[in-house]
Amino acid sequence: MCGIVGYIGQREALPILLSSLERVTYRGYDSYGVAVLNGHGIEVFKKVGAVDVVRADIPFKGSTGIGHTRWATVGAVSERNAHPHFDCTKQIALVHNGDIDNHRDLRERLAAQGHTFTSETDSEVIAHLIEQKLSDGAELVEAVEAATGELEGSYAIVVLEQTTRRMVVARRGSPVVIGLGDGETYVASDAPAILPYTHRVIYPEDGDVALVTTAGVDIRHNGSKVSRLVRTIDWDVSQIEKGGYEHFMLKEIFEQPQAIRDTITAYPAGLPRLPVENPDHVVFAACGTSLHAGLVGEYLMAGNGKFTVSTVVASEMAVVPFNRPSAGLAIAISQSGETADTIAGMNGLSEAGFKTLAVTNVRHSSIARLANGVIYTTAGPEVAVASTKTFTTQLVIMAMLAARLMDGTERAKSLREAIRTLPNKVQQTLELADEFKSAGEDLARFNNMFIIGKGQTRPVTLEAALKFKEISYVHAEGVPAGELKHGPFALLEANTPVLALVADDAHKMRMLTTLREIKARNAPIYVLTDAPMHDVEDVATRVIILPKVEAGLAAAVFTVASQLMSYYCGRAKNLPIDRPRNLAKSVTVP
Ligand code: F6R
């Protein structure tokens with residue numbers, strides 16, 4: 001987590017740094033800081049809060065600088081711990097994204113060598129380590145190479161040296177991109193941050209150390225000069241603007257029909273070749289919302305008669321819970337492609353003998369580079385911290401994968417038909433926004449809620465609950481309908497609403513029975529359903545009828561409905577929808 005940026009060129013660095021920082025703020029927003037190099041040395045400014053919320057008048061002039069927006073890991077949220085960090089002599093300023101595992105040992109050693117620290121962070125240790133290498137006689141690039149060689153953990157750093165006016169970037173395990181301009185060069189944690197300035201970028205690889213100049217970059221790897229491809233970003237600046245919507249989340253919810261359409265049409269000749277075409281076991285590994293997409297994938301493929309399928313929480317993969325498969329396919333799902341737990345889980349599965357396939361929204365992301373194969377969702381950049389359009393596009397890929405792996409079956413045929421209709425079904429769901437608004441605003445009265453479902457709506461209960469937690473600060477729990485009576489019933493009362501996701505399938509009568517039992521406990525019932533049934537009206541406080549999607553893919557419309565309900569619930573409470581407290585979009589620490 002944390003966002004880093006840098007600029008070296010002919011223009012004033014500060015406005016470029018601040019606006020680039022705004023665009024990586026979703027990576028962390030508890031404090032920010034900038035350092036600009038000029039005739040006075042390196043001037044630094046730090047503040048607690050998000051860059052666009054507590055913007056300050058910073059008088060710095062100069063055409064070279066670095067910046068950082070923080071999601072605290074080591075050390076409390078404070079100006080002292082905000083980046084950039086310095087060495088003892090203030091010759092070196094550094095911003096860091098990542099996590100240094102051996103920072104305590106390094107700090108002790110450097111302190112014994114006479115270094116004085118001013119923050120509690122692991123990041124400051126890197127600045128002093130570079131200072132030590134410089135004082136041993138190295139020049140900046142060599143010093144960064146030597147210092148990073150001693151780091152355990154992950155880092156993407158931008159280092160500024162006052163005397164030589166040089167800027168160096170290095171990375172391992174944390175993302176960084178270098179943007180090429182005309183006589184100017186940009187650095188950022190990811191490409192959208194620098195999209196207004198350039199679409200031509202280089203992605204340094206793990207272990208690369210790059211000297212960044214106004215003319216471009218010189219990259220070294222293991223001490224030797226290397227060249228990396230210059231790539232063109234096809235995202236548009238308008239995609240990272242609010243475009244008249246009150247929040248990015250709302251805009252991104254409404255972009256879903258197009259995002260789904262784009263994801264379907266991105267592979268006109270079908271999905272690319274899979275690392276294993278005929279697996280005996282498929283396992284999904286992911287975190288958070290992406291994990292829920294995996295559960296939908298598992299549901300769509302379950303009981304297919306050809307291969308077994310399961311889903312694992314990527315962060316629980318310390319011990320791989322599988323025997324060595326003869327033809328195992330591990331599908332790692334990550335919208336950012338940078339989630340540390342998912343990457344570690346995928347690597348664990350690879351070591352256990354699985355071939356790996358990444359499903360991600362970000363081209364050239366770490367996971368895309370590490371997996372044996374990759375399939376992209378084409379959702380466009382997602383700015384709001386909460387995943388919305390990236391989730392529904394993941395569902396599309398899940399359905400396409402299910403159809404591919406079960407090719408030749410009736411299920412595959414009906415899934416392909418359901419995928420084709422999905423953009424319109426999602427559009428029709430969005431047209432019910434007023435109904436979701438009124439239900440969402442109604443739910444703002446409550447602090448706790450249950451969300452129940454069965455079969456195809458079961459993964460959506462988890463995703464909807466996550467959205468209510470993040471966006472509306474409601475303690476929502478997704479529970480399989482059948483499990484309510486095995487304990488959670490004890491919590492049902494007039495102040496604990498139940499949101500029921502009732503799909504028009506074999507389970508709907510069972511769901512109805514559960515709703516009657518809930519009604520008998522006085523809990524208010526809200527129902528989302530694609531199965532119009534008179535009996536539901538008798539028990540529910542409110543019923544919203546959704547368009548029907550066949551082939552077990554109803555998860556998509558139930559999700560869109562619950563996204564809007566949580567959005568309007570959070571908005572009614574005046575919450576920071578696009579940046580919920582304590583969160584960050586890209587979780588690059590384990
Ligand atoms: C919730 C959300 C998170 C992410 C999770 C994994 O709205 O966005 O739960 O889904 O942190 O992130 P990715 O998909 O980037 O691996």
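FYI, the numbering just counts along the sequence from 1. Every number for a ligand or one of its atoms is a count from 1 in the order of the listing. On a predicted model such as this, the values are computed, not experimentally measured, just so you know.
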Within ligand 1, which atoms have a heavy atom of Cys287 less than 4.0 Å away? 5 (C), 6 (C), 10 (O)

Spacing of Arg404 atom CZ and Tyr267 atom OH [to the nearest 0.5 Å]: 11.0 Å

Of all the atoms in ligand 1, which lie at a distance below 4.0 Å from a heavy atom belonging to Val385? 8 (O)

Taking only Lys NZ, Arg NE, NH1 and NH2, and the carboxylate oxygens of Asp or Glu, determine whether Lys585 and Glu382 approach each other closer than 4.0 Å. yes

Would you say that more than 12 heavy atoms from the other residues, nucleotides or ligands in this model lie under 6.0 Å from the NZ of Lys355, or not? no

Do Lys585 and ligand 1 have an N or O pair less than 3.5 Å apart? no

So, are Glu205 and Arg228 salt-bridged, with charged N and O less than 4.0 Å apart? yes

Quick one: nearest non-hydrogen protein atom to atom 8 (O) of ligand 1, plus distance? Ser387 OG, 2.7 Å

What verdict does the side-chain hydrogen bond (donor to acceptor under 3.5 Å, both in side chains) test give for Asn81 and Glu120, after you've listed the backbone C-alpha separation in whole Å, the side-chain angles of each residue and the deciding distance to 0.1 Å? CA-CA 6 Å; Asn81 289 332; Glu120 304 158 283; 2.5 Å; yes

Does the plane of the ring in His292 sit parallel, tilted or perpendicular to the ring in Phe391? Use 30° and 60° as the thresholds. perpendicular

For the residue pair His247 and Tyr567, categorise the inter-ring angle as parallel (less than 30°), tilted (30 to 60°) or perpendicular (more than 60°). perpendicular

Atom 13 (P) of ligand 1: the protein heavy-atom neighbour that sits closest, reported with distance to 0.1 Å: Thr339 OG1, 3.2 Å

Using side-chain heavy atoms (C-beta onward) and a distance below 4.5 Å, is Glu252 in contact with Asp578? no

Take every heavy atom of Asn361, measure it against each atom of ligand 1, and state whether any distance is under 4.0 Å. no

Nearest non-hydrogen protein atom, atom 11 (O) of ligand 1: Val587 CG2, 3.9 Å

Note the single closest protein heavy atom to atom 4 (C) of ligand 1, along with its residue, its atom name and the distance in Å. Thr289 N, 4.0 Å

Numbering the atoms of ligand 1 from 1, which are under 4.0 Å from a heavy atom of Gly288? 9 (O), 10 (O)

Heavy-atom contacts with Ser290 under 4.0 Å: which atoms of ligand 1 show up? List them by number with element. 10 (O), 13 (P), 14 (O)

Heavy atom of the protein closest to atom 15 (O) of ligand 1 (residue, atom name, distance): Ser336 OG, 2.6 Å

Lys467 neighbourhood, listing ligand 1 atoms whose heavy-atom distance to it stays under 4.0 Å: 1 (C), 7 (O)

Side-chain touch Asp99/Asp122, heavy atoms, less than 4.5 angstrom: yes

List every atom of ligand 1 that sits less than 4.0 Å from any heavy atom of Ala386, numbering the atoms from 1 in the order shown and giving each element. 7 (O)

